[in-house]
Amino acid sequence: MAEEKSLNFLEEIIENDLKSGKHASIVTRFPPEPNGYLHLGHAASIVLNFGLSKKYGGYTNLRFDDTNPSTEETEYVESIKNDVHWLGFEWKNELYASDYFEDLYLFAIKLIRLGYAYVDDSDSETIAREKGTPTMPGTNSKFRDRSVEENIELFEAMKAGKFKDGERVLRAKIDMSHINMLMRDPVMYRIKHAHHHRTFDKWCIYPMYDFAHGQSDSLEHITHSICTLEFVPHRELYNWFIEKLDIYLSHQYEFARRNISYTVMSKRKLLQLVNEKYVDGWDDPRMPTISGLRRRGYTPESIRDFCDRAGIAKRENVTELSLLEFCAREDLNKIALRRMVVFDPIKVVLTNYSEENEMVSVEDNPEDVNGGFREVPFSKELYIEQDDFMEVPPKKFFRLFPGGMVRLKGAYIIKCDEVVKDAEGKIIQLNCSFISESKSGNDTSNIKVKGTLHWVSAAHAIPVEVRLYDRLFKVEDPSSAAGDFKDYINENSLEIIPEVYAEPALKNAVTGEHYQFLRKGYFALDKNSSKDKLIFNRTVTLKDTWAKEVKKG
RNA sequence: UGCCCGAUAGUAUAAGGGUAGUACAUCAGAUUUUGGUUCUGAGUGUCUUGGUUCGAAUCCAGGUCGGGCAACCA
């Protein structure tokens, strides 16, 4: 029996539509404008639209909303397609609003003939002024009452390129005193002598969003056209065009966009971060873009899971970043290969160990019962983390200290016998002894230790670079904080450690594979990594209850 | 001072007139050759004032707070 899973408001609407026979199956669409890279907010929409059509039997179209040639580029089209695929979704049709320019033009002619549209010679300032305000009605344009013939003639002249940019617009003739500002004779077409990424120079008039989106939905027989809350007031116009045109009745539904703490989620702001070089590009691992998250080492599974868990509703929200991180850890814990890497080394010399080294076998992933093992070289001289040793340990510290014992992961238990310092008193080496009968998997020593440390053999370690990322902003909601959002950028969001010491197995690291550096976090190979210089991005840290304990003091 | 949308633990989401639940976060404990994972437990919530009702998070009315609406952007 299927478990009782509560429905979100869109699922309820769809189930009702299916039950009532209004629709036999559903069609949704994901309609990005190709003027930027996709981010987590889009991911929510993608998961929603594709998820819904999959769940209820139907399909989803990918439709690029490319009605504004001045901001849109093919580069973005490619990145968007790539990101949607990477997230794990398959669209039924790849479409463009520009595919419908001819249909839309004919729709416009039809509305002119019906007396529902007119050409206006006013400039944009005049049109804005005549629009009135939310509390004051607008006034009619002096060009509002032209004859159908004159309007047709002028509109065709617009199309034929007889006017310069801004000299004429086509407007819907609705009601200049309408309570909804969007119904006060909205602009349907504007003149732009601009090169379009798909139609090239065929058109010099381009439809506005409101005259393109709903009609495109209708032409594709989209049953449920899902968009974000700021389009709620547009719905009335959306319906008006469909009704006057007497075409397929698509319905628009709105949900609240997904915001996430400590980042921004608007293309405009993200573009600013890119252009003003606060980040390394759209796919900087600190960016909330799909490409950034991918580069950072997030998996599509974890992003989908995040969207599902965060849910959808109609109220404004700021979801905590910790939920995203939880989803990443949960997935990565299952799939990441365990490796040992020492970031900030201190040398350990095993005084009673022979000069010869041996290989110890360590599991790739203890969570995976079918997982393999790799051989790790163990020797007389090792590195451990400085943090894992304290000369004067606080209570509850169960790492290494003088006279104390710890296990080296997958190898032996060692005891710290002597702390070696230089002239300045800085600790430079720990002389330890190892318990030969305590070898992992074959431990007859009967010694119980509280701590297990990661380590590398000094002679066998390979140098790699790691990049540690922190939240991009210092405040939870930079967009609504006082002043400019850029004032809140976290200047310490990137820490590069050019050389850390990794176990040799990491030499074979590949992109697309995920690693857990034991006790350090999850890492993935960066795109700028090379054979000679391996670079790893930290996807997310491990949960660290000891760090929390230390912070509490 | 118009119209529209919204309001449930710290956060995000359920409950559709009948026990306010789940997840993340937080705290406590158990297990652990990762202070990871896993497991157990705890605390914290219906914006407000009235009304309808045996019974209201849910229905009604007023208020409060938050957001949106005056681009030839989407």
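This is a predicted model, so every value here is computed, not measured. Within every chain, numbering begins at 1; the chains are lettered A, B, ... in the order of the sequence lines, protein sequences first and strands thereafter.
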Are the ring centres of [X] and [Y] closer than 6.0 Å?
X         : Y         : value
Phe241(A) : Phe211(A) : yes
Tyr515(A) : Phe523(A) : no
Phe306(A) : Tyr298(A) : no
Tyr209(A) : Phe231(A) : yes
Tyr105(A) : Phe155(A) : yes

[atom1]-based separation of [M] from [N] [nearest Å]:
N      : M      : atom1 : answer
G16(B) : G21(B) : C1'   : 15 Å
G6(B)  : G10(B) : P     : 23 Å
U58(B) : U49(B) : P     : 13 Å
U11(B) : A71(B) : P     : 34 Å
U19(B) : U46(B) : C1'   : 15 Å
U48(B) : A56(B) : C1'   : 15 Å
G45(B) : A7(B)  : C1'   : 13 Å
C73(B) : G63(B) : P     : 39 Å

**Q.** Heavy-atom donor-acceptor pair, Asn49(A) side chain to Ser45(A) backbone, under 3.5 Å
**A.** yes
For [X], answer base if it contacts any base atom (sugar-phosphate contacts may also be present), sugar-phosphate if it contacts only those atoms, and nothing otherwise; contact means non-hydrogen atoms under 4.0 Å.
X         : result
Arg309(A) : sugar-phosphate
Leu453(A) : nothing
Glu549(A) : nothing
Gly441(A) : base
Tyr206(A) : nothing
Phe397(A) : base
Val449(A) : nothing
Arg184(A) : nothing
Gly451(A) : nothing

Q: Heavy atoms under 4.0 Å is the rule here; annotate nucleotides 67-74 of chain B 5' to 3' with B where the base is hit, S where only the sugar-phosphate is, and - elsewhere.
A: S-SB-BSB
Taking only N and O in the side chain of [X], is any of them less than 4.0 Å away from OP1 or OP2 of [N]?
X         : N      : value
Lys548(A) : C27(B) : yes
Thr135(A) : C3(B)  : no
Arg329(A) : G36(B) : no

Q.
Any N or O donor-acceptor pair under 3.5 Å from the base of U34(B) to the side chain of Arg519(A)?
A. no
Q | Polar pair under 3.5 Å, donor/acceptor by atom type, side chain Gln516(A), base U34(B) | A | yes
Q: Please determine, for the side chain of Thr452(A), which listed nucleotide (U11(B), U33(B), G36(B)) has the closest atom?
A: U33(B)
Q | Nearest to side-chain heavy atoms of Glu12(A), which nucleotide of U26(B), U34(B), G16(B) | A | G16(B)
In this structure, how many angstroms lie between the [atom2] atom of [N] and the [atom1] atom of [X], rounded?
X         : N      : atom1 : atom2 : result
Phe517(A) : G36(B) : CZ    : C1'   : 15 Å
Glu330(A) : G36(B) : CD    : C1'   : 14 Å
Glu11(A)  : A14(B) : CD    : C1'   : 12 Å
Leu332(A) : U34(B) : CG    : C1'   : 15 Å
Ile312(A) : A23(B) : CD1   : P     : 21 Å
Leu321(A) : A12(B) : CG    : P     : 14 Å
Asn317(A) : G10(B) : CG    : C1'   : 15 Å
Phe398(A) : U34(B) : CZ    : P     : 10 Å

(Q) Quick one, Arg257(A) with Glu230(A), criterion salt bridge (charged side-chain N to carboxylate O under 4.0 Å, His left out). Give me CA distance, side-chain angles, the key distance, then yes/no. (A) CA-CA 9 Å; Arg257(A) 65 159 21 109; Glu230(A) 68 269 28; 3.4 Å; yes
Q) Which base, if any, makes a Watson-Crick or G-U wobble pair with U22(B), both distances under 3.5 Å? A) A12(B)
Q) Which one is paired to A7(B), where only Watson-Crick or G-U wobble pairs with both distances under 3.5 angstrom count? A) U64(B)
Q.
I'd like to know whether Val348(A) forms a side chain to side chain contact (heavy atoms under 4.5 Å, CB included) with Ile414(A), so could you lay out the CA-CA distance, the side-chain angles of the two residues, the decisive distance to 0.1 Å, and finally the verdict.
A. CA-CA 10 Å; Val348(A) 167; Ile414(A) 62 168; 4.2 Å; yes
Q: Select from Leu324(A) and Asn442(A) the residue whose nearest nucleotide in RNA chain B is closer to the 5' end of that strand.
A: Leu324(A)
Q) Quick one: on RNA chain B, does Val318(A) or Leu323(A) contact a more 5' nucleotide (nearest heavy atom)? A) Val318(A)
(Q) Using a 6.0 Å distance limit plus a 45 degree cone around the ring axis, check whether Arg171(A) lies over the aromatic ring of Tyr118(A). (A) no
Q) Below 4.0 angstrom, N of the basic side chain to O of the carboxylate: do Arg338(A) and Glu363(A) qualify? A) no
